[in-house]
Number of protein chains: 2
Amino acid sequence: MRVPTRREDALPALAEAFREHGFEGASVATLSKATGLGKGSLYNFFPGGKTEMMDAVLADIDGWFVTAIFAPLERAGDPTAAIRAMMADVTVYFRSGGRTCLVGSIGLGGSGDAFASRTRGYFTRWISALAGCLDAGGVPAPLAVPLAEEVVSGIQGAIVLAHALSDQAAFVRILRRQEAMLLATLASHVR
Amino acid sequence: MRVPTRREDALPALAEAFREHGFEGASVATLSKATGLGKGSLYNFFPGGKTEMMDAVLADIDGWFVTAIFAPLERAGDPTAAIRAMMADVTVYFRSGGRTCLVGSIGLGGSGDAFASRTRGYFTRWISALAGCLDAGGVPAPLAVPLAEEVVSGIQGAIVLAHALSDQAAFVRILRRQEAMLLATLASHVR
DNA sequence: GTCTATAAAGCGATAGAC
DNA sequence: GTCTATCGCTTTATAGAC
């Protein structure tokens with residue numbers, strides 16, 4: 001969509017601008033250019049200014065993850081297939097590490113406190129969804145939870161490293177190792 | 001030191017301010033307060049302004065890691081002890097995930113391009129130092145390199161997760177698992 | 001609902017007194 | 001070498017024309 005006419009249509013462009021410049025680094029002028037909307041229109045859509053824009057972007061991202069990643073894990077008809085799908089979808093979403101995780105970087109940076117509940121919800125749900133999927137596959141919870149925690153954390157680390165080294169192959173290598181470990185753990189706990 | 005009189009004495013306070021507010025988010029006024037130095041003194045020490053301050057901070061951090069982390073790994077008299085020491089030192093340095101990795105977050109954020117060579121050097125040397133240590137312990141390079149890559153990446157992920165969840169215990173759990181995996185790999189390749 | 005013009009504040013950076 | 005005062009510019013946010 002060239003020039004958004006609805007608030008939600010502006011979110012992807014806003015997200016990319018925030019990814020590229022960070023929350024403090026992205027000025028309203030930058031966001032105006034990125035969306036094609038004038039400042040007045042932006043403030044019409046987001047009366048709360050930049051903070052509301054970022055909050056809406058994070059909510060949008062969270063919504064996407066819920067439907068595309070978390071819910072399938074929680075259904076968990078076939079845990080092995082669900083984990084394979086998660087890894088594949090995550091690789092596409094983060095463009096093999098070429099794309100930053102806005103939730104993770106906001107959680108790291110200084111502006112994180114304003115969005116702390118969002119980042120917290122995102123990671124806790126991801127970990128519990130993955131742990132639940134492992135549990136459904138026969139992995140006992142005391143093992144499944146730290147394993148899920150390690151993998152979700154590992155994905156964030158892969159993004160940091162791939163971005164720092166401009167090495168998307170590293171991202172793919174790390175996720176492959178994580179996937180292999182998850183599948184091996186599942187295989188050793190077949191009911 | 002209450003009020004720094006030498007350029008290098010200002011670096012720790014600058015580093016903490018950059019960690020807390022990010023590069024764009026930390027204004028010169030912020031940095032002046034953080035260091036106790038007036039703007040004039042800051043610009044006297046760092047004529048290049050904020051960019052030079054951040055660059056000096058990153059160089060200082062890199063120097064600390066070289067002497068405290070990388071060099072011991074590269075000496076590698078006792079690989080097992082060296083890896084234990086690395087994990088212990090890293091846990092202290094990052095305060096169990098309560099302290100952010102400035103190199104990693106700068107590498108993620110928008111201002112990363114200006115400091116790309118520093119972040120790249122930091123991670124490549126860490127990975128090669130750790131891989132060399134594993135190699136010295138008998139782990140063949142084709143296995144040691146991706147393993148080192150995974151662990152260095154995993155530490156970054158643990159920082160992201162611990163910070164997002166305000167859960168330092170998660171940081172410790174993840175690093176313990178990484179350490180156990182490294183030591184197990186070493187043990188299975190005793191010469 | 002969209003834009004331009006503008007207000008008020010804060011920014012990085014500099015000049016000059018001491 | 002340190003500070004305060006100040007410059008010029010950009011920032012967020014608003015007001016008002018259309």
Side-chain angles (χ1 to χ4, degrees), chain A residues 1-58 60 102 105-106 109-115, chain B residues 1-60 102 105-106 109-115 118:
Chain A
M1 185 162 298
R2 184 62 179 88
V3 172
T5 56
R6 294 173 307 175
R7 172 186 154 119
E8 59 173 333
D9 296 331
L11 296 179
L14 290 175
E16 286 312 311
F18 281 131
R19 264 185 251 269
E20 192 173 348
H21 302 102
F23 179 69
E24 323 275 353
S27 70
V28 177
T30 302
L31 301 170
S32 173
K33 273 194 179 179
T35 54
L37 267 53
K39 286 195 211 177
S41 301
L42 275 180
Y43 276 96
N44 181 47
F45 283 146
F46 307 95
K50 268 172 64 172
T51 303
E52 189 176 342
M53 296 181 211
M54 175 61 95
D55 198 63
V57 164
L58 292 177
D60 190 50
L102 195 54
S105 64
I106 282 297
S111 327
D113 290 352
F115 313 104
Chain B
M1 182 163 299
R2 184 64 180 87
V3 171
T5 56
R6 295 173 306 175
R7 171 185 155 121
E8 58 173 335
D9 295 331
L11 297 179
L14 290 175
E16 287 310 312
F18 280 132
R19 264 186 251 269
E20 193 175 346
H21 302 102
F23 179 69
E24 323 274 354
S27 70
V28 178
T30 302
L31 301 170
S32 173
K33 274 194 177 178
T35 55
L37 267 53
K39 284 197 213 179
S41 301
L42 275 179
Y43 276 95
N44 181 47
F45 284 147
F46 308 94
K50 266 173 67 172
T51 303
E52 188 176 343
M53 296 180 210
M54 176 60 95
D55 198 63
V57 164
L58 292 177
D60 189 50
L102 195 54
S105 65
I106 281 297
S111 327
D113 291 354
F115 313 103
R118 286 220 183 274

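Quick note: numbers below take in every heavy atom, side chains included, and nothing from hydrogens, waters or symmetry partners. Sequence lines set the chain letters: A, B, ... in the order given, protein chains first and strands last, and positions in each chain run from 1.
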**Student:** How many whole angstroms separate atom NZ of A/K50 from atom C1' of C/dA9?
**Tutor:**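 Computing the A/K50:NZ to C/dA9:C1' distance gives 14 Å.
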**Student:** Please tell me which of the listed nucleotides, D/dT12, C/dC3, D/dC3, lies nearest to the side chain of A/L37?
**Tutor:**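 Closest nucleotide to the A/L37 side chain: C/dC3.
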**Student:** In whole angstrom, give the distance that lies between atom CD of B/E52 and atom P of C/dG12.
**Tutor:**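 So the two atoms are 15 Å apart, to the nearest Å.
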**Student:** Base, sugar-phosphate, or nothing: which does A/G49 touch, judged by heavy atoms less than 4.0 Å apart?
**Tutor:**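 Sugar-phosphate, backbone atoms only, no base.
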**Student:** Below 4.0 angstrom from OP1 or OP2 of D/dG1, is there any side-chain N or O of B/S41?
**Tutor:**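 Checking B/S41 against D/dG1: no side-chain N or O falls below 4.0 Å of OP1 or OP2.
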**Student:** Which heavy atom of B/F115 sits nearest to which heavy atom of B/L58, and what is that distance?
**Tutor:**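 Closest pair (atom of B/F115, atom of B/L58, distance): CB-CD1, 3.6 Å.
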**Student:** Expressed as a whole number of angstroms, how long is the span from A/R7:CZ to C/dG1:P?
**Tutor:**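 Distance check: A/R7 CZ to C/dG1 P gives 14 Å.
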**Student:** At 4.0 Å (heavy atoms only), tell me whether A/F45 reaches a base, stays on the sugar-phosphate, or touches nothing.
**Tutor:**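 Contact class for A/F45: sugar-phosphate only.
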**Student:** Using whole Å, what does the distance between atom P of nucleotide C/dT4 and atom CG of A/L42 come to?
**Tutor:**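 After rounding, the gap between these two atoms is 13 Å.
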**Student:** Provide the closest heavy-atom pair for B/L102 versus B/R19 in the form atom of the first, atom of the second, distance.
**Tutor:**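 Looks like N-NH1, 3.8 Å.
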**Student:** Round to a whole Å and report the spacing from CG of B/L31 to P of C/dC11.
**Tutor:**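 Distance, rounded to whole Å: 11 Å.
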**Student:** Distance check needed: C/dA13 P versus B/N44 CG, whole Å only.
**Tutor:**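 After rounding, the reported distance stands at 15 Å.
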**Student:** Do the non-hydrogen side-chain atoms of B/K50 and B/L31 ever get within less than 4.5 Å of each other?
**Tutor:**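 Yes, their side chains come closer than 4.5 Å.
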**Student:** Would you indicate what B/G40 reaches in the nucleic acid, counting non-hydrogen atoms under 4.0 angstrom: base, sugar-phosphate, or nothing?
**Tutor:**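 Answer is base: heavy atoms of B/G40 come under 4.0 Å of a base.
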**Student:** Do the non-hydrogen side-chain atoms of B/F18 and B/I106 ever get within less than 4.5 Å of each other?
**Tutor:**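 Counting from C-beta outward, B/F18 and B/I106 never come under 4.5 Å.
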**Student:** Please pick, from C/dT14, C/dT2, D/dT12, the nucleotide with the shortest atom-to-atom distance to any side-chain atom of B/Y43.
**Tutor:**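 Nearest listed nucleotide: C/dT14.
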**Student:** For the pair made of CE in B/M54 and P in C/dG12, what is the distance, rounded to whole Å?
**Tutor:**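 These atoms are roughly 13 Å apart.
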**Student:** Answer whether the closest heavy-atom distance between the side chains of B/V28 and B/Y43 falls below 4.5 Å.
**Tutor:**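 In short, these two side chains touch, coming nearer than 4.5 Å.
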**Student:** Need to verify one output field. Residue with the more 5' nearest nucleotide on DNA chain D, B/G36 or A/A26?
**Tutor:**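 Upstream on the strand: B/G36.
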**Student:** Atom CD of A/E24 to atom P of C/dG12: distance rounded to whole Å?
**Tutor:**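 After rounding, the gap between these two atoms is 11 Å.
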**Student:** Among C/dC3, D/dT12, C/dG12, which nucleotide has an atom closest to any side-chain atom of B/K39?
**Tutor:**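 The answer is C/dG12.
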